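First comes the structure, then the notes that go with it.
What you are looking at is a predicted structure, and each value in this text was computed from that prediction instead of being measured. All chains are named by letter (A, B, ...) in the order of the sequence lines, taking the proteins before the strands, and each is independently numbered beginning at 1.
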2 protein chains.
Amino acid sequence: MPRKTDKRERLIEAAKNLIHKQGFNLTTLADIAQEAEVPLGNVYYYFKTKESIGEAVIKERGTDLETRLKLWEEIPDVKARLKKYIDYSIEEADQTARYGCSIGGLCQELGKKGGPLSDAVAKLLNDTLEWCEGQFRSLGYGQKANELALNLVSAVQGMYLLTHTFKDPQITTRQARNLRGLVDQAETSSKLATA
Amino acid sequence: MPRKTDKRERLIEAAKNLIHKQGFNLTTLADIAQEAEVPLGNVYYYFKTKESIGEAVIKERGTDLETRLKLWEEIPDVKARLKKYIDYSIEEADQTARYGCSIGGLCQELGKKGGPLSDAVAKLLNDTLEWCEGQFRSLGYGQKANELALNLVSAVQGMYLLTHTFKDPQITTRQARNLRGLVDQAETSSKLATA
DNA sequence: GTCTATATACAGATAGAC
DNA sequence: GTCTATCTGTATATAGAC
């Protein structure tokens, strides 16, 4: 079974994990090369700069996210879709406690530097926001859908931050249960507006 | 008016601002020295390591926070105290849009490295949490006070992250108004439990 | 396409004159 | 206490043999 040159993919995968664990700034090309079992000098055949690796990683995160959102989109019950989004945070709780949110963390870190990478990650959070907004609109909320989406995503990101800060997955468990309840209560009135 | 050696304080002040703007990892001692108008070599007379500067900065952030919390504590109406906490985020909205939360950002960044600095910033967030919990307890919430505090601080931190990510102070304005409303509605029932 | 050796830049930290 | 010059390590990136 002759393995094709999957080096590029190995490098992206390694970078993806390391950047999540250590952050972008603290992750060196040497780290990535070692993790991917690729000689350092060879890295530059696939990526001109460290920034371009970051770009590839964010792109990967983007397709991962899109895959999830599209998958959840197929759930018939709209509220169940939103609850899937919340449940996902529970599945990831241990990882979050250790390394934080793979998207939110980058938004925070890269947001200070500005530049193309910063915009690219911000877009991922924006995609999430828009997806949620779409769901709330399907639930019948018109103008308010935007605000509700902001409330939900904001709550989830805050939950991630606290979970990471205190390295306690249970914070996610508790908060996610809460958020789930909110989605459940939605529909009938504008109670979700207070989420 | 012979100015005493306020160099140490100038260094801390410079570091405090630069770390907020650029993050800890990207802020160099040369940056700090220049901003404080202190020769690079002289920095080491006041601080043995970069980490010890970080320690001093976090300590400063801690006293700033404590000052605020103690000040708000003097407000007679308990709900007004919590609303002060929320209003503070509005005052800082422009800064937040540019540089993020001065505490939350460090929690995120230092949380991945672990170590004493990480614990020190985490404590600041924990102090905030405990302060809020105390307020909710004063409002008559017993067991639930802890959860309500988590909800509120989490919501505020999420709001900060989105504000920073999209560099839009209005996100804070909108969300803060929402959170204010939640605090207002509290008391009567357990509605705040769904915050 | 691959990999070793190395250039270049700059970070944190120190030595030692003043 | 102060500051210049510098050491040392390490990061990104390149050169060039294979």
Side-chain angles (χ1 to χ4, degrees), chain A residues 1-59 106 109-110 112-118 120, chain B residues 1-59 106 109-110 112-118 120:
Chain A
M1 195 198 269
R3 190 180 305 268
K4 241 338 188 15
T5 14
D6 55 348
K7 284 191 182 174
R8 194 191 148 88
E9 280 147 45
R10 288 217 310 275
L11 284 167
I12 294 177
E13 187 64 20
K16 193 170 145 185
N17 292 327
L18 285 169
I19 288 172
H20 188 194
K21 289 185 197 177
Q22 307 177 333
F24 181 78
N25 295 324
L26 288 185
T27 298
T28 69
L29 293 171
D31 287 338
I32 297 169
Q34 187 176 29
E35 179 87 1
E37 292 180 295
V38 170
L40 177 56
N42 199 2
V43 171
Y44 288 91
Y45 177 76
Y46 298 98
F47 300 97
K48 288 194 207 313
T49 64
K50 184 185 177 182
E51 185 133 331
S52 70
I53 293 189
E55 196 184 320
V57 166
I58 292 170
K59 195 174 174 182
L106 281 178
E109 191 178 11
L110 300 176
K112 304 208 178 200
K113 306 213 293 187
L117 281 192
S118 171
Chain B
M1 193 198 271
R3 192 179 303 268
K4 238 346 184 12
T5 14
D6 54 350
K7 283 191 182 174
R8 193 191 149 87
E9 281 147 46
R10 287 217 311 275
L11 284 168
I12 294 178
E13 186 65 20
K16 192 169 145 186
N17 292 328
L18 285 169
I19 288 172
H20 188 194
K21 288 185 197 176
Q22 308 177 334
F24 181 77
N25 295 323
L26 288 185
T27 298
T28 69
L29 292 172
D31 287 339
I32 297 169
Q34 187 176 28
E35 178 87 1
E37 292 181 296
V38 171
L40 177 56
N42 199 2
V43 171
Y44 288 91
Y45 177 77
Y46 297 97
F47 300 96
K48 288 194 208 312
T49 63
K50 185 186 177 183
E51 185 132 329
S52 70
I53 293 188
E55 195 183 321
V57 167
I58 292 170
K59 194 173 174 181
L106 281 179
E109 191 178 11
L110 300 176
K112 305 209 178 200
K113 306 213 293 188
L117 282 192
S118 173

From CD1 (A:I12) to CD1 (A:I32), nearest 0.5 Å: 10.5 Å
Atom-to-atom span, CG of B:N42 to P of C:dG12 - whole angstrom: 16 Å
Sugar-phosphate, base or nothing in reach of A:T27, heavy atoms under 4.0 Å: sugar-phosphate
Closest listed nucleotide, where the reference is the side chain of B:K50 and the choices are C:dA13, D:dA13, C:dT2: C:dA13
Atom pair CZ (A:F24) and CD1 (A:I58), whose distance is rounded to the nearest 0.5 Å: 7.5 Å
Nucleotide D:dC3, atom C1' - distance to OH of B:Y46 in whole Å: 11 Å
Nucleotide C:dA11, atom P - distance to CG of A:L26 in whole Å: 15 Å
Candidate nucleotides C:dC3, D:dT2, C:dG12, ranked by approach to the side chain of B:Y44 - the nearest: C:dG12
Side-chain touch B:K7/B:E37, heavy atoms, less than 4.5 angstrom: no
Gap between atoms CZ and P, on B:R10 and D:dT2 respectively (whole Å): 10 Å
Any B:Y45 side-chain nitrogen or oxygen under 4.0 Å from OP1 or OP2 of D:dT2: no
Among C:dG1, C:dA13, C:dT4, the nucleotide that comes nearest once only the side chain of B:L40 is considered: C:dA13
Residue pair B:L106 / B:L117, side-chain heavy-atom distance below 4.5 Å: no
Residue-phosphate contact under 4.0 Å: B:K48 side-chain N/O, C:dA13 OP1/OP2: no
Distance in angstrom units between B:N25 CG and C:dC10 P, rounded: 18 Å
Sugar-phosphate only, base, or nothing, as touched by A:F47 at under 4.0 Å among non-hydrogen atoms: nothing
Rounded distance in Å - CG (B:L29) to C1' (C:dG12): 6 Å
Whole-Å gap separating P (C:dA11) and CD1 (B:I53): 14 Å
Within-4.5 Å side-chain heavy-atom neighbours: B:D31 and B:Q22: yes
Whole angstrom value for the distance that separates P of D:dT2 from CG of B:L11: 10 Å
Of the listed nucleotides C:dA11, D:dT12, C:dT2, the one nearest the side chain of B:T28: C:dA11
